[in-house]
Amino acid sequence: MTVPEPGTTAVPPPGCPAHVAGGVPPAEAHGGTLPGGLPVGVPLTPLHGSAVADDPHGLYARLRAQYGPVAPIELEPGVESWLVLGYPELLELTRNEALFSKDSRRWRVPAEGRLAADSRLQPMTSWRPTLLNLDGAEHQRLRAAVADTLARVDHRQLRETTEAAADALIDSWGPDGTADLVAQYARRLPLLVFTQLLGLPDEAGAHLIRLISHIADSGPESVRANQEFQTLLVDLVRQRRTTPGADLTSWLLAHPAALTDEEAVHHLVVLMIAGNETTICWTGNTLRLLLTDRRFRATLTGGRLTVADALEEVLWRDPPTQNFPGRWATSDTVLGGQFIARGDMLVLGLAAANADPAAQGPGAHGHASMGHASIGGNRAHLAWGAGKHVCPAQHPARIIVETAVETLLHRLPDLQLAVPPHELAWRPSPWSRALISLPVLYSAFTPPRPPAPERPSAWTPPHMSQTPQTPGAAPGTASRTASGTASGTVSGTASATEDPGRSSSTPSDATSTARTPGSAEPARRSWWNSLAGWWSGR
């Protein structure tokens, strides 16, 4: 990458598609003048709507072929940006904090009055006093508080809590053998776990789900629900200031970084939104892979790959966050052969960078090789970002998702998709890679394992209430023993390792009987509205 000398003006590279000949200032595009290095007189490729939902990988491949590792895009009509598609370029972007800042107040689009007050980009790009929006010492202070707090979570307890919540959800399903694994499982499970992590009472999980449903509806109750959700977190912080407990909220407040109440509330929102959205998408995408990919499912049932391998496969192929804004150029520069003007916004193309041949090695051909790349624990993907802003919650997230998938496969060993794979629809978000619904069929429950004996721990969450096993379980289905771990296998064996990234679980052979296809009502397309819309792209 070429950086102009201090005090000089960057000169676009010869033949750059983003500039007219002779250095003539950019002309009008999309109804307004676009200063800087973005294309002139040519339509920008939209990173919104059906294109990014229907075939994102095809979209990224076309952009790479036309522009190279950095491509001009449109985030919404009249709002331009750059999408970083190249693996080396994305690493450079995330590691050069001096040239590419996380502070969105540097963005020239709102400074020029070109970002509407009701823009859907407002929640995603508005500056907040969190680790997501700061550089330097302040970012390190807040990141240390969050990372150290998450590091105090006991992994064994987290597995047991997640498994108990998963069992309770599965037991709540009706007797007709149908379910929507997005609406009834992936979307609900993280909230039930996070309410306990944060130190909220058991009943708060169901209450939060109701509040979020109202917020997502954008209906008459959404404003009240939004206010009630924020009030809930403010009250929680105040309570833990005076009466600390063994929970994330108390540990965050007690950290030497000395967060204010406002900073603590902001970071609890970040943990809930980022943690929930990531685990929702990761769980749903992994289950989809197991239910639709004949190659992978045949290999998994053969015992050569584990659930942990499936999780890595998804992080390479369909990471929960496919794109993430962003970075803002602090001065004129060149990245990936494109002239980047000061104040330009750059979007991290995480999924596209994973598909970059530079990340796949010699002889690789995009996603065809990703399964082989992920086997053996290759975690060189960029699903978690890179540099100083790499996600600090990846290990707890991995435990929650791995346990969620393993528990479901154990309880419903004959799980099968209820619709043809091509009928599965994706949320039209430029940021998250998330299914709208995942309808399935099954014929039998296996009983949940008995509760584990209590043990001393730095973190002891409330126990999830469990309902009795659904009557009518098919005879001969496997049953867990009390000696099994929370990451036990469908065949009855279990792994005692504490490494959150490895597991020995494999699903049993299918034992399903014929059933009329059907499924629960598809999940709603929106999520968290003003609170979580900034993450999901609404």
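Sequential numbering from 1 along the given sequence is applied to the chain's residues. Just so we're clear, the structure is a prediction, and the values are computed from it rather than from any experiment.
A 4.5 Å side-chain heavy-atom check between Leu287 and Val440 finds every atom pair outside the cut-off. The shortest distance between side-chain heavy atoms of Arg159 and Thr407 does not fall below 4.5 Å. When side chains are defined from C-beta on, Glu423 does not count as touching Leu417, because their heavy atoms never get closer than 4.5 Å. Inter-residue side-chain proximity for Gln322 and Cys281 is flagged as unmet; no heavy-atom pair is nearer than 4.5 Å. Using a 4.5 Å heavy-atom cutoff, the side chains of Gln239 and Asp235 are in contact. Residues Val193 and Leu158 are in side-chain contact: their nearest non-hydrogen atoms beyond the backbone lie under 4.5 Å apart. Here the side chains of Leu47 and Leu59 are in contact, with some heavy-atom distance below 4.5 Å. A 4.5 Å side-chain heavy-atom check between Pro319 and Trp384 finds every atom pair outside the cut-off.
The nearest pair of heavy atoms linking Pro392 to Val146 is CG-CG1, 4.1 Å. Between Met272 and Asn276 the shortest heavy-atom distance is O-ND2, 2.5 Å. Of all heavy-atom pairs spanning Ala383 and Asn354, the tightest one is N-ND2, 4.2 Å. His267 and Leu131 get closest at one heavy-atom pair: NE2-N, 3.1 Å. What you find for Leu409 and Leu290 is that their closest heavy atoms are CD1-CD1, 3.9 Å. The minimum heavy-atom distance linking Gly385 with Leu350 is given by the pair CA-CD2, 4.3 Å.
Shown here are the side-chain contact (heavy atoms from CB on, under 4.5 Å) partners of Thr149, two or more places apart in sequence or in another chain: Leu248, Trp251, Leu252. Judged as a side-chain hydrogen bond (donor to acceptor under 3.5 Å, both in side chains), and not counting sequence neighbours, Tyr87 has no contacts. Remark: Thr94 engages Leu90, Arg327, Leu348, Ala386 in a side-chain contact (heavy atoms from CB on, under 4.5 Å) (not counting sequence neighbours). With sequence neighbours left out, His389 forms a ring pair (Phe, Tyr, Trp, His ring centres under 6.0 Å) with His139. Residues satisfying the side-chain contact (heavy atoms from CB on, under 4.5 Å) test with Pro46, not counting sequence neighbours, are His48, Glu74. For the side-chain hydrogen bond (donor to acceptor under 3.5 Å, both in side chains) test, no residue two or more places apart in sequence or in another chain qualifies with Asn285. Remark: Arg240 pairs with Asp247 by the side-chain hydrogen bond (donor to acceptor under 3.5 Å, both in side chains) rule, at least two apart or across chains. With sequence neighbours excluded, the residues forming a side-chain contact (heavy atoms from CB on, under 4.5 Å) with Asp148 are Ala144, His255, listed by chain and number. Partners of Thr130 by side-chain hydrogen bond (donor to acceptor under 3.5 Å, both in side chains), not counting sequence neighbours, listed by chain and number: Asn133.
With hydrogens and angles disregarded, no donor-acceptor distance shorter than 3.5 Å links the side chain of Asn323 to the backbone of Val347. Although no hydrogens or angles enter the test, the distance criterion places no donor-acceptor pair under 3.5 Å between the side chain of Arg433 and the main chain of Arg317. Here the side chain of His395 pairs no donor or acceptor atom with the backbone of His155 at under 3.5 angstrom. Remark: side-chain polar atoms of Arg288 are not paired, donor with acceptor, to backbone N or O of Pro421 under 3.5 angstrom. Checked by atom type and distance alone, the side chain of Gln157 never pairs as donor or acceptor with a backbone atom of Asp154 at under 3.5 Å.
A perpendicular orientation is assigned to the rings of Trp173 and Tyr185, their planes being inclined by more than 60° (bins at 30° and 60°).
A side-chain contact (heavy atoms from CB on, under 4.5 Å) with Leu189 is found for one member of Ile280, Thr283, Thr403, Thr162 and no other, namely Thr162.
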Assess whether side-chain contact (heavy atoms from CB on, under 4.5 Å) is satisfied between Asp318 and Leu289, documenting all intermediate values. CA-CA 10 Å; Asp318 284 307; Leu289 175 70; over 6 Å; no

Go through Leu415 and Leu181 one step at a time and tell me if the side-chain contact (heavy atoms from CB on, under 4.5 Å) criterion holds. CA-CA 11 Å; Leu415 200 65; Leu181 296 185; 3.9 Å; yes

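Taking 4.0 Å as the cut-off between side-chain N and carboxylate O, Arg411 and Glu163 do not count as a salt-bridged pair.
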